[in-house]
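Down below is the structure, laid out as structure tokens.
The structure presented is a predicted model; accordingly, all values stated were derived computationally and were not measured. Numbered from 1 within each chain, the chains take letters A, B, ... in sequence-line order.
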2 protein chains.
Amino acid sequence: MTSTLGYAILTVLARGPRSGYELATAMGHPLGYFWTARHSQIHPELQRLVAAALVGFEQVPGPGPQRKKIYSITGPGLAALREWVVEPPQPRPERDELVLKAYAAWLADPAELAKLFRSRLEAHELRLAAFEAERAAFPGTPGYGSERFGEYATLWCGIGYENHRIAWCRWMIDQLETGRCPDQPSVSLYPSCEATKPSES
Amino acid sequence: MTSTLGYAILTVLARGPRSGYELATAMGHPLGYFWTARHSQIHPELQRLVAAALVGFEQVPGPGPQRKKIYSITGPGLAALREWVVEPPQPRPERDELVLKAYAAWLADPAELAKLFRSRLEAHELRLAAFEAERAAFPGTPGYGSERFGEYATLWCGIGYENHRIAWCRWMIDQLETGRCPDQPSVSLYPSCEATKPSES
DNA sequence: GTCCTCATGTAAACCGTTACATGATTTC
DNA sequence: GAAATCATGTAACGGTTTACATGAGGAC
């Protein structure tokens with residue numbers, strides 16, 4: 001029983017031996033799009049994985065008196081990873097601040113909020129373009145037994161997600177820019193002296 | 001400067017006064033789809049919000065010697081909330097265990113993994129149906145000045161997300177069930193005695 | 001009488017981020 | 001010589017979950 005971070009590390013190590021530093025940089029691309037960790041989290045976790053014999057390491061003398069450790073997955077580590085992959089993930093609570101802001105949109109200045117969503121839209125469009133370019137680099141769909149299948153599958157997911165977000169941002173911007181503003185409900189404030197409060201628009 | 005949880009609470013309180021208990025249950029539906037918190041987190045946060053004068057409360061004697069507190073948003077609280085809504089959200093690192101498992105799919109038994117994705121697909125289809133039913137209950141698109149616009153906008157986002165997930169799960173299942181399994185790359189194990197290791201399929 | 005809902009809190013543990021701390025190698 | 005990169009760790013802090021703790025009211 002390891003934490004999900006442990007399995008994320010094992011997932012990378014199954015692709016080949018890495019140093020702690022390389023693992024930390026691997027948490028950037030493409031892994032960083034669905035799992036991240038800083039080196040300050042990775043090094044202690046590696047120590048735990050070594051203690052659990054899921055991972056081993058070799059001291060590699062780099063140029064000079066460098067104490068570089070190259071970690072590899074062990075047989076038991078690979079077995080644990082294989083088991084974990086097909087287990088249902090424990091549901092994590094969703095926390096999406098942008099959606100929360102959308103939920104509170106009725107309180108905001110629509111022009112200001114549209115500006116925020118336009119900037120988010122741009123970011124999603126940029127990321128989509130990068131993902132599309134990456135997918136174009138694949139000759140075809142890799143088979144599931146191939147290491148590259150994972151990359152392709154997560155890329156597929158990322159492209160779908162970005163498209164969904166782009167559509168939503170566009171819809172939000174459209175609503176905020178061209179939408180009518182029919183009813184302005186009241187906010188009941190504390191101290192509860194005034195029952196209704198007209199909008200300051 | 002409050003935490004996002006504080007703004008989530010203010011977002012709910014802007015819709016009307018609530019007790020701490022009601023706030024905790026409000027973190028179920030629909031808020032729970034994009035922000036959650038337990039009562040053990042809500043009560044201390046309410047104390048902080050009261051200390052910051054963003055929120056006030058009235059002791060309401062329920063039936064019997066009940067010490068129930070009804071919280072309301074204050075003028076400064078509403079002002080802070082309005083400012084927060086249009087500020088760009090700080091980017092949170094994505095952590096999606098299912099996508100991580102997809103990244104490690106090449107190690108797994110495809111039939112077992114397909115089973116997992118079928119169960120996830122079912123869950124997304126159920127949630128989509130619930131969302132669609134909710135959207136059908138709206139007479140039309142609420143204007144952005146309406147309190148209900150937030151509900152509609154987040155529902156829109158949720159429906160788009162579920163559709164995206166459903167498409168991805170279906171693609172994954174299709175790949176795992178009908179896909180070919182051409183190349184089986186090796187895993188370099190520790191101790192590094194064997195360079196290649198054929199698959200146990 | 002027992003269980004469920006309403007109601008409010010605290011404490012311990014865990015996960016993750018930021019900051020602190022060190023030091024060699026390479027590039028400009 | 002300064003800065004960037006490679007390299008490994010620890011400490012403090014903040015946010016979140018789980019568990020502990022209590023108690024009234026209503027339904028069965």
Which of parallel (below 30°), tilted (30 to 60°) and perpendicular (above 60°) describes [X] and [Y]?
X: A/Y71; Y: A/F57; result: tilted
X: A/F117; Y: A/W168; result: perpendicular
X: A/F149; Y: A/Y144; result: perpendicular
X: A/W156; Y: B/W171; result: parallel
X: A/F138; Y: A/Y152; result: perpendicular

Go through it in stages, so that I can follow the logic: the residues are A/E162 and A/R165, the test is salt bridge (Lys or Arg N to Asp or Glu O under 4.0 Å), and I'd like the CA-CA distance, side-chain angles, deciding distance and then a yes or no. CA-CA 5 Å; A/E162 297 304 330; A/R165 276 277 155 155; over 6 Å; no
Contact class for A/Y71 vs. all strands (heavy atom < 4.0 Å): base, sugar-phosphate, or nothing?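 Sugar-phosphate: the residue A/Y71, judged by heavy atoms under 4.0 Å, touches backbone atoms but no base.
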Determine the contact category for B/Q47: base if any of its heavy atoms lies under 4.0 Å from a base atom, sugar-phosphate if only primed atoms, P, OP1 or OP2 are that close, otherwise nothing. sugar-phosphate
Mind calculating the distance between [atom1] ([X]) and [atom2] ([N]) to the nearest angstrom?
X: B/E58; N: C/dT8; atom1: CD; atom2: C1'; value: 18 Å
X: B/E45; N: C/dG9; atom1: CD; atom2: C1'; value: 15 Å
X: A/R67; N: D/dG9; atom1: CZ; atom2: P; value: 7 Å
X: B/K69; N: C/dT8; atom1: NZ; atom2: C1'; value: 7 Å
X: B/H43; N: C/dC6; atom1: NE2; atom2: P; value: 13 Å
X: B/I42; N: C/dC6; atom1: CD1; atom2: P; value: 14 Å
X: B/F57; N: C/dG9; atom1: CZ; atom2: C1'; value: 13 Å
X: B/R48; N: C/dG9; atom1: CZ; atom2: P; value: 13 Å

Residues touching DNA chain C, which here means a heavy atom under 4.0 Å, drawn from residues 16-32 of chain A: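 The stretch gives none, as no residue of it lies under 4.0 Å from the strand.
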Using five pairs at each end of the helix from C/dG1-D/dC28 to C/dC28-D/dG1 to define an axis, what is the angle between those two axes, to 10°? 20°
Are the side chains of A/Y190 and B/V55 in touch, meaning some heavy atoms are under 4.5 Å apart?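 No, too far: nothing below the 4.5 Å cut-off.
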Non-hydrogen side-chain atoms of A/S72 and B/S188 separated by less than 4.5 Å: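 A side-chain contact is absent here, since even the closest heavy-atom pair is not under 4.5 Å.
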Indicate yes or no: does B/R82 engage A/E112 in a salt bridge with an N to O separation below 4.0 Å. no
Lys/Arg-Asp/Glu bridge criterion (N-O < 4.0 Å) met for B/R48, B/E45: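 A salt bridge links B/R48 with B/E45.
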Annotated protein contacts, base or backbone, on nucleotides 12-19 of chain C with a non-hydrogen cut-off under 4.0 Å, one of B, S, - each: ----SBBB
If you check every side-chain atom of A/P44, which of C/dT8, D/dT8, D/dT10 has the closest atom?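 Comparing C/dT8, D/dT8, D/dT10 against the side chain of A/P44, the answer is D/dT10.
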If you draw the axis of the six-membered ring of A/Y103, does the NZ or CZ of B/R15 fall within 45° of it and under 6.0 Å from the ring centre?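 Geometry flag: set, cation within 6.0 Å and 45°.
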Around B/E122, counting heavy atoms of other residues, nucleotides and ligands shown, do more than 12 lie under 6.0 Å from its CD? no
Is there a side-chain contact between A/K68 and the phosphate of C/dA24, meaning an N or O under 4.0 Å from OP1 or OP2?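 A/K68 to C/dA24 OP1/OP2: no side-chain N or O under 4.0 Å.
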